[in-house]
Student: 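Structure below; questions to follow.
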2 protein chains.
Amino acid sequence: MRPGPRRSISQADIVDAAFELLEQKGMAAVSVRGVAASLGLTPTAMYTYFPSKNALLRAMVEQLLSTIDLAAASDADVAWRDRVHALARALLDRLAEHAGSLVLVTSGPLDGKHALGLNEALIAGFAGEGMPHAEAARAAVAVRAYVLGVAALEAAERAGRETPDDSASGTLWSDAAAFPLTEATTDAAGDGFTWGLDRLLDGFDRRAA
Amino acid sequence: MRPGPRRSISQADIVDAAFELLEQKGMAAVSVRGVAASLGLTPTAMYTYFPSKNALLRAMVEQLLSTIDLAAASDADVAWRDRVHALARALLDRLAEHAGSLVLVTSGPLDGKHALGLNEALIAGFAGEGMPHAEAARAAVAVRAYVLGVAALEAAERAGRETPDDSASGTLWSDAAAFPLTEATTDAAGDGFTWGLDRLLDGFDRRAA
DNA sequence: ACCTGAACACCGTTCAAGT
DNA sequence: ACCTGAACACCGTTCAAGT
């Protein structure tokens with residue numbers, strides 16, 4: 001690695017600029033050209049830092065996950081269930097923070113450093129409760145899936161609230177009165193996230209017992 | 001509704017054409033212009049059928065969910081747990097069938113006819129097991145979230161397999177050896193989906209008992 | 001080694017005009 | 001009522017060329 005002309009900015013600067021755009025103008029504004037412009041770069045210069053737009057998105061996922069405190073997850077003074085809750089809530093918060101984080105997460109396998117660290121913390125925690133390794137790994141996957149799914153449902157809700165009129169006309173959307181059970185409970189959800197996570201953890205416990 | 005010039009095609013035709021493109025060329029090919037071209041239409045003619053691209057995506061979600069057999073879900077001769085499994089598996093299969101179905105699902109609230117029908121079937125099933133309404137509704141949300149999350153994780157895996165080299169260079173992706181627990185279990189997953197769903201259902205049962 | 005400029009092949013959406 | 005043509009303001013990516 002010989003010096004050469006000094007790089008004006010770093011990969012991290014680009015990722016930061018991308019998040020800035022995401023927060024202020026939404027996911028549609030996170031384009032190669034848009035991020036480049038916000039940094040005073042030419043679009044083509046971006047390809048010296050990331051081989052594709054998708055590579056930039058994946059770097060954003062890593063930055064997102066890097067803010068999760070994994071040290072707290074291995075603090076043996078706190079009950080494991082409380083630690084999973086904190087971990088899961090932190091993950092959900094990061095994903096819900098910016099709408100469209102979901103397309104970030106599906107931009108590629110969660111095989112970055114921080115993604116693997118999170119997974120490792122989950123497996124270690126379940127194993128610490130006496131779960132066999134194979135089961136602990138499955139439990140970790142189930143927890144990640146559940147959190148991602150809640151984030152997806154929330155993102156879907158939000159997408160509808162921002163552009164409330166783009167349903168197709170006609171018979172596709174019928175009146176809600178035809179679905180009495182759904183109708184009776186739509187606004188009585190409360191903190192469904194915590195409740196569902198507790199049921200999942202109960203299921204793990206019951207198997208152990 | 002007076003006759004007027006006969007409509008050359010229907011909304012359903014457009015949705016079918018969109019799925020055709022999705023299967024053959026992936027989600028990127030599902031564009032207003034691309035779908036229009038595949039039907040011999042002008043892009044602008046599409047806006048007589050759907051007010052936006054997003055409205056088309058939402059109609060696709062409904063078509064996707066319409067293929068799930070809800071009648072089987074209320075067959076009292078079969079144990080409820082088996083019926084949830086069938087329902088959840090059907091949903092996962094539909095979502096996993098085409099990569100990029102995930103962006104369909106997050107295109108707006110799941111408030112279409114078939115989406116609500118699915119929700120209704122889940123709530124009714126849980127209520128039939130003696131769950132209070134409020135809890136049954138939460139259980140239905142948890143199941144949907146879990147299935148969506150597994151689909152998201154699978155989509156992410158697939159996205160990586162198709163374009164395996166677009167990770168950023170440098171220190172973001174370190175060697176997997178630093179994560180022994182994750183490494184030891186990556187390929188020993190088996191049918192994690194069914195296992196996790198069973199744990200979630202166990203958690204519901206335990207609460208009932 | 002890093003960056004620019006021009007170009008290619010696309011997007012979603014709007015609007016005036018035709019039948 | 002339905003559709004076209006032209007246009008606006010964008011995309012991701014490549015490639016030759018400059019320093």
Side-chain angles (χ1 to χ4, degrees), chain A residues 1-15 17-18 21-22 24-60 100 103-104 107-108 159 162-163 165-170, chain B residues 1-15 17-18 21-22 24-60 100 103-104 107-108 159 162-163 165-170:
Chain A
M1 282 226 215
R2 281 227 257 71
R6 206 82 208 89
R7 210 134 225 237
S8 59
I9 52 168
S10 67
Q11 287 192 25
D13 292 331
I14 293 181
V15 171
L21 276 172
L22 177 52
Q24 296 185 352
K25 304 187 186 175
M27 197 59 195
V30 182
S31 62
V32 174
R33 295 172 114 105
V35 175
S38 81
L39 287 163
L41 284 178
T42 267
T44 44
M46 295 281 289
Y47 289 84
T48 2
Y49 296 86
F50 297 98
S52 67
K53 180 186 179 178
N54 208 60
L56 168 60
L57 296 184
R58 295 189 67 189
M60 289 177 75
V103 345
L104 292 184
S107 63
E162 278 155 17
T163 52
D165 59 340
D166 60 8
S167 59
S169 59
Chain B
M1 278 222 216
R2 282 228 257 69
R6 206 84 208 87
R7 230 158 198 214
S8 59
I9 51 169
S10 67
Q11 286 192 26
D13 292 332
I14 293 180
V15 172
L21 276 173
L22 176 52
Q24 295 184 351
K25 303 187 186 175
M27 196 60 196
V30 182
S31 62
V32 174
R33 296 173 113 105
V35 175
S38 81
L39 288 163
L41 284 179
T42 267
T44 45
M46 295 282 289
Y47 289 84
T48 357
Y49 296 88
F50 297 98
S52 68
K53 180 185 180 178
N54 208 59
L56 168 59
L57 297 185
R58 295 246 250 142
M60 289 178 74
V103 344
L104 292 184
S107 64
E162 278 154 18
T163 52
D165 59 341
D166 61 6
S167 59
S169 59

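Chain A is the first sequence line, chain B the second, and so forth, proteins listed ahead of strands; every chain is numbered from 1.
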Student: Report the distance from atom CD1 of A:Ile9 to atom CG of A:Leu39, rounding to the nearest 0.5 Å.
Tutor: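 Output value for this atom pair is 4.5 Å.
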
Student: What nucleotide among D:dT4, D:dT13, C:dC11 has an atom nearest to a side-chain atom of B:Arg33?
Tutor: C:dC11

Student: For DNA chain D, whose closest nucleotide is more 5', that of A:Tyr47 or that of B:Ala45?
Tutor: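 Here B:Ala45 is the residue nearer the 5' end.
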
Student: Do A:Ser31 side-chain atoms and A:Gly34 backbone N/O form a donor-acceptor pair below 3.5 Å?
Tutor: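 Side chain of A:Ser31 to backbone of A:Gly34: a pair is present.
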
Student: Reading DNA chain C 5' to 3', how would its secondary structure be written in dot-bracket notation, given Watson-Crick and G-U pairs with both distances under 3.5 Å, brackets [ ] for crossing pairs and | for partners on other strands?
Tutor: ||.|||||...|||||.||

Student: Looking at every non-hydrogen atom in both residues, tell me the closest pair between B:Ala59 and B:Val15 and how far apart they are.
Tutor: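 Smallest interatomic distance, heavy atoms only, reads CB-CG2, 3.8 Å.
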
Student: Rounded to whole Å, how long is the line connecting atom CE of B:Met46 with atom P of D:dT4?
Tutor: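 Rounded to whole Å, this separation is 12 Å.
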
Student: On DNA chain D, check which nucleotide each of B:Thr44 and A:Val30 is closest to and give me the residue with the more 5' one.
Tutor: B:Thr44

Student: What interatomic distance, in whole Å, is found between C1' of C:dC10 and the corresponding atom of D:dA9?
Tutor: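 After rounding to an integer number of Å, I get 13 Å for this pair.
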
Student: OP1 or OP2 of D:dC3 versus the side-chain N and O atoms of B:Tyr49: is any pair under 4.0 Å?
Tutor: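 Yes.
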
Student: Return the value, rounded to whole Å, for the distance between atom CG of B:Leu39 and atom C1' of D:dC3.
Tutor: 14 Å

Student: Separation of A:Lys25 atom NZ from D:dC10 atom C1', in whole Å?
Tutor: 13 Å

Student: Rounded off to whole Å, could you give me the CG-to-P distance for the A:Leu21 and D:dC10 pair?
Tutor: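 It is 13 Å, rounded to the nearest whole Å.
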
Student: Minimum heavy-atom separation for B:Leu104 and B:Met27, please, with both atom names.
Tutor: CD2-CE, 3.5 Å

Student: To the nearest Å, give me how far apart CG (B:Asp13) and P (D:dC3) are.
Tutor: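 Distance, rounded to whole Å: 12 Å.
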
Student: Between C:dA16 and D:dC3, how far apart are the two C1' atoms, rounded to whole Å?
Tutor: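 13 Å, rounded to whole Å.
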
Student: Rounding to an integer number of Å, can you tell me how far A:Asn54 CG sits from D:dC11 P?
Tutor: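 Checked: the CG to P distance equals 17 Å.
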
Student: Is a donor-acceptor pair below 3.5 Å formed from side chain B:Thr42 to base D:dG5, judging by atom type as modelled?
Tutor: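 Per atom types, no contact qualifies.
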
Student: Taking atom CZ of A:Arg33 and atom OG of A:Ser38, what is their separation to the nearest 0.5 Å?
Tutor: 14.5 Å

Student: From the list D:dG12, C:dG12, C:dG5, which nucleotide is the closest neighbour of the side chain of A:Lys53?
Tutor: D:dG12

Student: With distance as the sole test, does B:Tyr49 use its side chain to make a donor-acceptor pair with the main-chain N or O of B:Leu56 at under 3.5 Å?
Tutor: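 Not a single qualifying donor-acceptor pair exists.
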
Student: A:Val32 has a side chain; which of D:dG12, C:dC3, C:dT13 sits nearest to it?
Tutor: D:dG12

Student: Closest approach of A:Val32 and A:Pro43, non-hydrogen atoms and distance?
Tutor: CG1-O, 3.9 Å

Student: Looking across every strand, which nucleic acid part, if any, lies under 4.0 Å from A:Ser31 by heavy atom: base, sugar-phosphate, or nothing?
Tutor: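 Counting heavy atoms under 4.0 Å across all strands, the contact made by A:Ser31 is with sugar-phosphate only.
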
